[in-house]
Amino acid sequence: MSSSVQAGADPGRNVFTVSRLNREVLVLLERGLGVVWVEGELSNFSQPSSGHWYFSLKDRDAQLRCAMFRLKNSTLGFTPKAGQQVLARGRISLYEPRGDYQLSVEHMEEAGVGALKREFERLKVKLAAEGLFALERKRSLPGFPRRIGVVTSPSGAAIRDVLHILARRFPPAAVLIYPTSVQGAAAVPAIVEALQLASARAECDVLIVARGGGSLEDLWAFNDERVARAICASTIPVVSGIGHEIDFTIADFVADARAPTPSGAAELVAPDRNACLEALARTAERLSACMRRELRSVAARLDGGALRLKLVHPGVRLVQQAQRLDDLEQRLTGAVHREYRTIATRLNATEQRLKLAHPGLRLSLQVQRLGDLEQRLAGAAQRELRTTATRISGMGQRLKLAHPGLRLVQQVQRLDDLEQRLAGAVRSDMQDHRNRVSDAFARLVQRSPEHLVREFRLKHEALDSRLRYAWKECASRKEHRWDLARRTLDMVSPLATMSRGFAIVTRTDGTLVTDAESIAIGDEIETRLARGRLKARVTGKE
């Protein structure tokens with residue numbers, strides 16, 4: 001037997017397989033270190049068709065294998081490149097098939113920029129909570145500023161762009177420059193001092209805080225909390241024009257207005273000269289058109305006044321009044337003739353109505369109508385009486401047929417009939433049996449020995465006892481059926497229902513009362529109880 005087998009068979013040793021050892025190491029690495037941040041230079045980057053990223057992080061003395069799976073790298077905002085300095089967050093794990101340990105990356109960002117972005121987001125949330133970004137505190141910009149202040153570097157490209165735009169768009173506005181540093185450690189206090197100086201002097205109508213483009217580190221002076229609070233405390237409206245269009249700083253959020261570039265800030269504060277001249281030209285043209293319309297209106301009013309003067313001349317009015325008088329005379333004559341004809345027509349119509357309304361004619365019509373109504377009433381009364389009599393007769397027949405006593409008498413008669421038929425049948429059977437026995441006994445006596453006679457007598461007595469037992473059983477069944485019929489009759493009998501507290505209500509003529517609407521207040525009713533009757537008068541109903 002080999003030594004390796006003997007060592008494996010020794011119970012005192014804890015021997016690991018390679019797979020088991022790798023799993024144990026994986027558990028120790030994951031539990032021992034947890035989530036770690038690693039900074040290094042990215043190399044050996046590869047991206048297979050699965051979408052996962054495999055790369056190494058290295059520094060001057062060592063390197064680390066890394067893997068970032070597709071679900072994690074799909075949310076990353078950039079694509080890593082070889083030689084890029086990055087900051088990775090993940091968990092230490094072990095690739096068991098090869099026994100290599102690696103970093104399973106969950107998040108990655110560019111080194112340096114990530115810290116600045118976190119600081120940017122932290123300060124942004126803080127100032128927003130204090131209300132520095134609120135729209136309510138932002139001021140409107142002047143439409144035609146007389147003096148524009150610029151807080152920027154006097155040697156940068158931003159001031160040249162601003163001055164060029166202001167000279168082109170609005171030359172009447174004066175420009176006052178507050179020179180300051182816009183990059184580096186000394187930039188923040190210099191920008192704050194320039195803003196405070198401009199606010200204290202109050203020489204300008206609007207302030208521009210400008211700087212050219214650059215990296216996040218270059219623009220960081222405008223992400224400082226002191227600069228943001230100085231902009232918020234300024235008594236003059238502030239316009240920020242920092243970096244390129246895609247760059248956002250804390251100063252942009254605090255300022256009263258934000259421009260994408262320094263040139264955009266200049267265009268935002270200064271009105272366009274050409275646009276103003278065009279607006280003035282359009283205003284002058286509208287003013288001229290208004291004057292021409294007003295002159296035409298005055299001329300039309302003068303012409304109308306002259307025409308009205310001609311129309312109100314006394315001679316013209318006299319001719320018009322004479323013509324009007326003739327017209328009124330003709331209209332009056334025609335109206336009198338029409339009124340005469342109308343009165344004649346109304347008199348004829350009134351005469352016709354008087355004839356139709358004569359008392360004698362109306363009396364004859366009413367008498368005829370009264371006769372018709374009497375005939376209809378007599379016919380209706382006869383039909384109602386016949387209908388009522390038929391209904392009462394039918395109800396009487398139904399009451400007689402449904403009366404408990406009648407049903408009880410019928411059941412008793414039926415039981416008596418059945419009992420008589422049963423008794424007759426039994427007697428007939430017994431008589432036939434006795435006759436057959438007597439005949440048989442006589443025949444046996446004539447032709448059989450004496451012991452056969454005794455045996456036959458014993459059989460006769462047994463049959464006789466069975467017949468008597470059958471008679472008793474039949475009588476018992478009849479009695480049971482009688483009791484059952486009696487109990488069933490008691491269950492369906494109205495008397496049993498009334499014994500539980502119910503009653504039968506009838507009118508004085510004996511008809512049943514089943515609806516409260518059929519009884520009027522003051523009517524007399526009769527109530528039949530289980531024992532006795534009551535007479536009452538109706539005092540109310542529901």
**Student:** For a side chain to side chain contact (heavy atoms under 4.5 Å, CB included) check, start with the C-alpha distance between Trp53 and Cys66, then their side-chain angles and the critical distance, and finish with the verdict.
**Tutor:** CA-CA 8 Å; Trp53 291 351; Cys66 302; over 6 Å; no
**Student:** More than 12 non-hydrogen atoms from neighbouring residues, nucleotides or ligands closer than 6.0 Å to CD on Glu130, yes or no?
**Tutor:** yes
**Student:** Among side-chain atoms of Asp252 and Thr249, is any donor-acceptor pair under 3.5 angstrom?
**Tutor:** yes
**Student:** Does a sphere of radius 6.0 Å around CZ in Arg70 hold more than 12 heavy atoms from other residues, nucleotides or ligands, not counting ones at 6.0 Å or beyond?
**Tutor:** no
**Student:** If only atom types and distance count, is the side chain of Ser297 paired as donor or acceptor with the main-chain N or O of Arg293 below 3.5 Å?
**Tutor:** no
**Student:** Which heavy atom of Thr508 sits nearest a heavy atom of Glu524, and at what distance?
**Tutor:** CG2-O, 3.6 Å
**Student:** Are Arg507 and Ile519 close enough that some pair of their side-chain heavy atoms sits under 4.5 Å apart?
**Tutor:** yes
**Student:** Which atom pair, heavy atoms only, marks the closest approach of Val538 to Ala520?
**Tutor:** CB-O, 3.8 Å
**Student:** Do you know the tightest heavy-atom contact between Glu39 and Leu87?
**Tutor:** CB-CD1, 3.7 Å
**Student:** Under 3.5 Å, is there a donor-acceptor pair between the side chain of Arg537 and the main chain of Gly522?
**Tutor:** yes
**Student:** Got a sec: does the NZ of Lys72 have more than 12 other heavy atoms crowding it under 6.0 Å?
**Tutor:** no
**Student:** Check whether any side-chain N or O of Ser104 sits under 3.5 Å from a backbone N or O of Arg91 as a donor-acceptor pair, and report yes or no.
**Tutor:** no
**Student:** Using a 6.0 Å cut-off, check whether atom CZ of Phe253 has over 12 heavy atoms from anything other than its own residue.
**Tutor:** yes
**Student:** Between the main-chain N or O of Val35 and the side-chain N or O of Arg89, is there a donor-acceptor pair closer than 3.5 Å?
**Tutor:** no
